[in-house]
Every structure is written in C-alpha cells, then in structure tokens.
Number of protein chains: 2
Amino acid sequence: MDNSELRQRIVATADELYNSKGIQAVGMDELRTAAGVSLKRLYAEFPSKSSIVMAVLERRHQSWTEGLDATVQQAGTPQERLLAIFDYLAGWFCQDSFRGCGFINSFAELGAISPDVAEYARKHKESFQEYVGQLAKAAGAPAYLAPQLAILAEGAQTTAAIAGTPDAAGQARQAAEVLIDAALVTAQAGSAGSAG
Amino acid sequence: MDNSELRQRIVATADELYNSKGIQAVGMDELRTAAGVSLKRLYAEFPSKSSIVMAVLERRHQSWTEGLDATVQQAGTPQERLLAIFDYLAGWFCQDSFRGCGFINSFAELGAISPDVAEYARKHKESFQEYVGQLAKAAGAPAYLAPQLAILAEGAQTTAAIAGTPDAAGQARQAAEVLIDAALVTAQAGSAGSAG
DNA sequence: CATCGTAGAGAACGTTCGTTCTCAATGCAA
DNA sequence: TTGCATTGAGAACGAACGTTCTCTACGATG
C-alpha cells in the first residue's frame, strides 16, 4: 500500500472516530483497530497523536471549504450565494454523523491545553469569515454584513448540534434573508442618495 | 465548616478549573488541592467526578440565568430588553475568564460519551430559547424571531471564544436590531392590515 | 536452503487518571 | 488518662492512556 493512501485512511478513520466520540475519548489502539493498521506503521506515519489531530483538522478544513464552495457555486445571484451558505448547513445538519462543528468541538476539548489546536480553529473561522466577506462584497453589501452572517452560521451549527435537530439552518437562513435585504437596501439608498 | 458551604466551594473551584482548562484536563487531585479539601471529604460530598460535573453545570445554568435576567430587567422597553441579551454577552466576553459557553464546551467534550451532560446542555439551551421567546412575545414579535435571536447569541459566543475578541457581541447586537425591527414592522403591518 | 531485512501483532513501559485504603493525629466523652 | 470515632494527608490500586519494544512470520536474494 502506498504511504500516502495509508495516511489518508488513518486520517479519515480518525476524523470519523474523533467526530463521533470526541478526540480524547478515542485512544490510539481504537484508531489502530478501526483503520486496520499496525501500531508500528501508525507511528511510522505520524510521530504522535497530536500530529494526527492536526492532520484531521486540516482534512476537516479542506472538506468544509470544498463542500461549502461547491454549494455556493451552484447558486445564481450574489444574494442567493450568500443564502447558499445556509443550504449547505441544512444538508450537513441532516447527516447522521453530524455532531457539531469539528473546530468548535476540538477547540472546546483541547483549545485550552493545546495552542496548536486553538490556533487552527481560529484560522479556520477566520478563513470562513473572509469567504463570507468576499460573497458579501460581490453582492454589493456593506462590510458589516459578513460578520453578522458568519455569526448566524456559527450559531446555527451549535444550536443544531446541541438541540439535535436541523431546524436551526432554516431559521438562520430566514434571518440571513432579512439581514441581507436590509444591508442591500441601505447600500442602495446610500449610493442613490449620493448619485441624486 | 458547613457541608453546604464545603460543597459550594468545591463546585465553585471546579467551575473555574473546568472552564479554564477543560473538564477532562483537570484531575481530582488538582481540584482537591485548589479547593483545599481532602480527597476523603471530596468523595464524601460527591460520589464521583461526573457528579461534580453535573453540579458545575447546574451552577453555570443558575449563574447564567440570573446574570442575564438581571441585565434584561434593567432595560426599559421590550425591544431594549431583547437587545439587552447582547449587552450581557458583551460584558461576559470582556472578562478574562471567558472561554466560550460552558455548555457548548462541555457538550463538545463529553456530550458524545455522557448522555447526562448532553441532556443538560440541551435543556439549558432550550430554557434560553424559551426565555428569549417570552421577551419576544412581550415585544409583540412573531414567534419566528426568538429562535433567530437565540442563534445570533449562540454564534456570538462561539465566535468570541474562538476569535479571542469580544467584537461578536456588538455585531450580533446590530444584527438583532435589524431582525427585531423587521419582525415588528411585519407584525404591525399584519395587525394594521387586519384592522383596516 | 540459508540469511537477512521488514512488517504485523501485541506485550510492555511509564504515566496519569478516578477511586479507595491506610494510618497517624485529633477531639471528645467518660 | 483511656478509649473511640473522625479527620486529613497521601499512598496505593486498577484501569487506560500514549508510546516503545519484542518476537515471530514472511518474502526476497544469494
């Protein structure tokens, strides 16, 4: 087996296990068994558990970014693209494996004792905020809209996870519609006012 | 020392430690030392660590509920009361000890392996949603407003925790203003339409 | 066939955890 | 003082963790 393929299998298995049970609740032995790898090869690929955790976070970031962008790209207008964020969340929340945002969870679990995990979670959320900022800019919205929508998305994730229902995605989407409309009306009124 | 006073000191110390380092990262010995209690008395008061965790969650729920309500009561109009939620968050986020919502964190850390923790986190969030629902009803807002504001509050908490800045409270407050105004306008238009 | 390097299975190591037990010290009643 | 119950300090226990080591089996090469 190729080393790269082996690494991928380990990280994918770790991702699943960490997501469903929490990082600290999954030992190296359980991961070894689930991935079907000997401890020797596991430690040949990764020097420590924390390096596996970081690899899982990278995988999550890539998976989230690609999945979100794929959904957004399918939307037509800039406004619909902003709302597509919440359609992506809705699909995610309905998956059986959904147990909250992996970055929020890992930050809650390890952020206080692992600066690497805390920093990666921060960067992931920052990159999401920037992404929303680009979509909002393309829609001609003022700068304050993006953080508002990002907060809605974060809140929908934790609400859906803890409540155990996917309702929050739709509720956040409706709130986003109101916020987007209000922001665009303000922007148009502003430009119209300066033009007239 | 009174037993009840001893219990309070243990739970208060555990709350601090669990908040700053995470629950699983704090052992019984560290808690024992910090609280200045012998292991014997500690286990005389609480049968297990998980019972201490549940006591901490109860304490957090009470503290949060009382603090929020105190801030809300200071506001004048029903609309201002709804916005006071975010003023309470703003004050909380600025505290040095703030490290995110304790229920989100405990859910992320233990929810998957402890049904009690998951259930308590769910009930806490549910009670918050009901509280917001009462405030929204008093303001004459339609029923869909409360979940929207609750999602904003949740998102502000995680965003502030991970980003490490209190900005999210103000951003969520401004979004809440827009949502409240829109909801009240709709409600008034609806009642005006039916009346005229 | 003999030999050597490699890989898998899992035993073993040191540490840490939650929990229990030991033991000496203390306070109090008679 | 004597005896007894209670307490505090921390040693001790079994389990589980992350990590390393041992040993056996196997396959390639001379």
Side-chain angles (χ1 to χ4, degrees), chain A residues 1-57 105-106 108-117 120, chain B residues 1-57 105-106 108-117 120:
Chain A
M1 166 175 297
D2 192 350
N3 271 18
S4 142
E5 186 185 339
L6 181 67
R7 285 181 71 92
Q8 280 186 5
R9 198 176 67 199
I10 292 172
V11 175
T13 308
D15 195 354
E16 268 183 52
L17 288 175
Y18 292 169
N19 177 69
S20 66
K21 299 187 177 186
I23 296 173
Q24 304 198 68
V26 176
M28 295 296 273
D29 203 60
E30 184 174 358
L31 171 59
R32 177 197 77 87
T33 302
V37 184
S38 74
L39 270 181
K40 199 168 196 171
R41 295 201 75 177
L42 212 173
Y43 275 94
E45 292 295 330
F46 298 95
S48 65
K49 180 176 181 177
S50 58
S51 72
I52 298 179
V53 171
M54 296 308 294
V56 166
L57 292 185
N105 289 350
S106 60
E109 204 173 345
L110 300 173
I113 55 178
S114 166
D116 288 346
V117 169
Y120 204 99
Chain B
M1 164 173 302
D2 193 348
N3 270 16
S4 142
E5 188 185 338
L6 180 68
R7 285 180 71 92
Q8 281 185 6
R9 197 176 66 199
I10 292 171
V11 175
T13 308
D15 194 354
E16 268 183 52
L17 289 174
Y18 292 168
N19 177 69
S20 67
K21 300 187 175 185
I23 295 174
Q24 304 198 69
V26 176
M28 295 296 272
D29 203 60
E30 184 174 358
L31 171 59
R32 180 196 76 86
T33 302
V37 183
S38 75
L39 269 183
K40 200 168 197 171
R41 296 201 75 175
L42 212 172
Y43 275 95
E45 292 296 328
F46 298 95
S48 65
K49 179 175 181 177
S50 58
S51 73
I52 298 178
V53 171
M54 295 309 293
V56 166
L57 292 186
N105 289 349
S106 60
E109 204 173 345
L110 300 173
I113 56 179
S114 165
D116 288 346
V117 170
Y120 203 99

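Quick note: numbers below take in every heavy atom, side chains included, and nothing from hydrogens, waters or symmetry partners. A note on names: the letters A, B, ... follow the listed sequences, proteins ahead of strands, and every chain is numbered from 1.
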Practice task
State whether the number of non-hydrogen atoms from other residues, nucleotides or ligands found under 6.0 Å of E45(A) atom CD is greater than 12.
Solution key: yes

Fill in the blank from the handout: When rounded to whole Å, the NZ to P distance for the pair K21(A) and dC17(D) reads 10 Å

Practice task
May I have the distance from E45(B) (atom CD) to dT7(D) (atom P), rounded to whole angstrom?
Solution key: 10 Å

Exercise for the section: Would you mind reading off the distance between Y18(B) atom OH and dC17(C) atom C1', rounded to a whole angstrom? Expected result: 12 Å

Problem - Phosphate-side-chain proximity, R41(B) and dG8(D), N/O vs OP1/OP2 below 4.0 Å - result: yes

Exercise for the section: Figure out the NZ/P separation between K49(A) and dT20(D), and round it to whole Å. Expected result: 15 Å

Exercise for the section: Write down the distance between CG (D29(A)) and C1' (dA12(C)), rounded to a whole number of angstrom. Expected result: 13 Å

Completion exercise
Winner on side-chain proximity to S38(A), out of dG10(D), dA9(C), dT19(D), is dA9(C)

Practice task
With sequence neighbours excluded, tell me which residues meet side-chain contact (heavy atoms from CB on, under 4.5 Å) with A34(B).
Solution key: T13(B), L17(B)

Exercise for the section: Answer yes or no: is there a donor N or O on one side and an acceptor on the other, between the side chain of Q24(A) and the main chain of E109(B), under 3.5 Å? Expected result: no

Problem - 5' precedence on DNA chain D between L39(A) and A25(A) (nearest-nucleotide basis) - result: A25(A)

Exercise for the section: Rounded to the nearest angstrom, tell me the gap between atom CZ in R32(B) and atom P in dG10(D). Expected result: 7 Å

Handout entry: Contact nearer the 5' end of DNA chain C, comparing G36(A) with I23(B)
Key = G36(A)

Practice task
Check the distance between dT15(C)'s P and Q24(A)'s CD and give it to me in whole angstrom.
Solution key: 20 Å

Practice task
Check the pair L42(B) / I52(B) against side-chain contact (heavy atoms from CB on, under 4.5 Å), numbers first and verdict last.
Solution key: CA-CA 10 Å; L42(B) 212 172; I52(B) 298 178; 3.4 Å; yes

Handout entry: Length of the CE-P vector between M28(B) and dT20(C), whole Å
Key = 10 Å

Handout entry: Sugar-phosphate only, base, or nothing, as touched by K40(A) at under 4.0 Å among non-hydrogen atoms
Key = base

